[in-house]
Amino acid sequence: MRILVVGAGAIGGYFGGRLLQAGRDVTFLVRPRRASELASAGLIIKSPNGDVTLKDPPRVEADKLKDKFDVVLLSCKAFDLDDALKSFAAAVGPNTAIIPMLNGMKHLDILDQKFGAERVLGGLCAIAATLNEKREVVQLQPMQSINYGERDGKLSDRVKAIDEAFKSGINGATASQNIMQDMWEKWVFLSTLAASTSLMRTSVGNILAAPGGKDFLLGMLDETSEIAAASGYPPGGPFFARVKGNLTTEGSPMTASMFRDIKAGLPVEADHVIGDLIARGDAAKVPVPKLRVAYTHLKAYEKQRAG
């Protein structure tokens, strides 16, 4: 099975690197700067689950990409999606399976339109990782998972083959027969955390310590959950209990990566993570006053950053 990993940043570098370490046929699609870094230093992973240096990992730049691949693992940010689609289009053949790791749902429509829905699986990952100043992939916590599956819930032969390959190198790899529910539940948690910590510019613990903080956090969770339910994917059970616990833990240092990106002056996924959720809420006539304020805040930040 030939696997093309789009990018060798924190997520692509980690999961692709683990697959390469396990002896899988992995190629990284990278820009010239990253290609040079990989050629000179290799792909270096620093992790509580074990460090590894993969010397001279297979890599290709977009203008030299000719071969078709069995699997494309896509882990870019939403604002880089258009460029990413162009970069790996040549690798997509009749039997290619694309596994997107992006947040939200909007990217599925874009990928379907470009490549056909039959080539696009559902997917998500959970990992705390970053590139450090040495351009090494650093996993910040031991927790990691990656889920993938047919969007209709069937356990197809191609998903079984992908599962066998991924499990050989990645702890926490799971073929899901409920991938759309999984993706919606992640979106509920992520959007709640991102909207709340970005709007308040601080951690969950500090929000909880403020007057009205708990009601604010749980009110944001109610809005995102109601949109998911109206879309046919109501969150509940152990997931909902865990998320509620995360959002009501006093002193919690938890923040969203979106908030950290704002602090660093970086681009944010305002439209993909929050704006698209509001649009789905409007379509279902779900009132979302807290989400609207958070979205206005994010768009004002984008305007300030652009100006």
Side-chain angles (χ1 to χ4, degrees), residues 2-17 19 26-39 43 57-93 96-125 127 129-131 135 137 146 148 183 187 190 194 257-258 260-262 264-277 279 298-299 301-307:
R2 302 195 67 204
I3 302 168
L4 181 70
V5 178
V6 181
I11 294 175
Y14 184 81
F15 289 117
L19 290 171
V26 173
T27 300
F28 294 95
L29 175 60
V30 290
R31 295 187 176 103
R33 177 192 172 191
R34 190 61 172 148
S36 177
E37 292 168 353
L38 295 176
L43 177 60
R59 59 199 173 276
V60 64
E61 294 174 39
D63 61 348
K64 299 180 180 66
L65 184 62
K66 309 295 182 192
D67 297 341
K68 306 301 181 191
F69 284 76
D70 300 303
V71 175
V72 174
L73 188 62
L74 176 61
S75 61
C76 67
K77 290 282 193 178
F79 43 75
D80 288 329
L81 182 57
D82 287 344
D83 286 342
L85 296 186
K86 296 171 189 171
S87 74
F88 73 80
V92 178
T96 301
I98 301 168
I99 306 176
M101 296 284 106
L102 288 79
N103 297 313
M105 295 288 167
K106 193 173 184 179
H107 60 279
L108 294 180
D109 297 333
I110 296 169
L111 288 164
D112 286 355
Q113 185 174 7
K114 175 74 174 176
F115 300 110
E118 70 279 3
R119 295 185 182 87
V120 184
L121 301 181
L124 70 149
C125 66
I127 186 170
T130 187
L131 283 185
R135 306 289 286 173
V137 177
I146 181 169
Y148 36 84
M183 291 173 67
W187 196 8
L190 174 75
S257 60
M258 184 180 287
R260 297 192 294 273
D261 287 341
I262 290 173
L266 298 173
V268 293
E269 297 178 307
D271 292 317
H272 200 80
V273 173
I274 306 298
D276 187 44
L277 198 59
L298 292 170
K299 296 305 287 185
Y301 164 75
E302 289 185 340
K303 181 67 175 177
Q304 174 182 298
R305 185 175 177 273

Residue list, salt bridge (charged side-chain N to carboxylate O under 4.0 Å, His left out) with [X], at least two apart or on another chain:
X      : result
Glu61  : none
Asp271 : Lys299
Arg260 : none
Asp82  : none

Who are the side chain to side chain contact (heavy atoms under 4.5 Å, CB included) partners of [X], not counting sequence neighbours?
X     : answer
Ser36 : none
Ala8  : Phe28, Val30, Arg34, Leu38
Ala10 : Ala129

Problem - Under the side-chain hydrogen bond (donor to acceptor under 3.5 Å, both in side chains) test, residues paired with Tyr14 that sit two or more places apart - result: Arg18, Gln139, Gln144

Practice task
Return the set of residues passing side-chain hydrogen bond (donor to acceptor under 3.5 Å, both in side chains) with Arg305 (not counting sequence neighbours), or none when no residue passes.
Solution key: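 Residues passing side-chain hydrogen bond (donor to acceptor under 3.5 Å, both in side chains) with Arg305: none at all.
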
Let me confirm one number: the [atom1]-[atom2] distance from [X] to [Y], rounded to the nearest 0.5 Å.
X      : Y      : atom1 : atom2 : answer
Lys77  : Met101 : NZ    : CE    : 14.0 Å
Met258 : Leu190 : CE    : CG    : 6.5 Å
Leu4   : Ile98  : CG    : CD1   : 10.0 Å
Cys125 : Asn103 : SG    : CG    : 8.0 Å
Ile110 : Leu102 : CD1   : CG    : 9.0 Å
Lys86  : Leu81  : NZ    : CG    : 10.5 Å

What are the two closest non-hydrogen atoms of [X] and [Y], and how far apart are they?
X      : Y      : result
Gly13  : Leu43  : O-CD2, 3.5 Å
Val137 : Gly9   : CG2-O, 3.7 Å
Glu302 : Ala270 : OE2-CB, 3.5 Å
Gly122 : Met183 : CA-SD, 3.8 Å
Thr96  : Ala91  : OG1-O, 3.6 Å
Glu269 : Ala78  : OE2-N, 2.7 Å

Practice task
Identify, with sequence neighbours excluded, every residue that meets ring pair (Phe, Tyr, Trp, His ring centres under 6.0 Å) alongside Phe88.
Solution key: Phe115

Under 3.5 Å, sequence neighbours excluded: what are the donor-acceptor pairs made by side chains of residues 68-76?
| unit_1 | atom_1 | unit_2 | atom_2 | d |
| --- | --- | --- | --- | --- |
| Lys68 | NZ | Ala90 | O | 2.8 |
| Asp70 | OD2 | Arg2 | N | 2.7 |
| Ser75 | OG | Gly12 | N | 3.4 |

Handout entry: Min side-chain heavy-atom separation Asp276-Trp187 under 4.5 Å
Key = yes

Problem - Val26 side chain reached by Pro57 side chain, heavy atoms, under 4.5 Å - result: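 Pro57 does not reach Val26 side chain to side chain.
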
Problem - Any pair counted as side-chain hydrogen bond (donor to acceptor under 3.5 Å, both in side chains), so long as it reaches residues 104-123, sequence neighbours left out - result: His107-His272, Asp112-Arg151

Exercise for the section: Decide side chain to side chain contact (heavy atoms under 4.5 Å, CB included) for Leu111 and Leu85; before the verdict, give the C-alpha distance in whole Å, the side-chain angles of both, and the deciding distance to 0.1 Å. Expected result: CA-CA 8 Å; Leu111 288 164; Leu85 296 186; 3.3 Å; yes

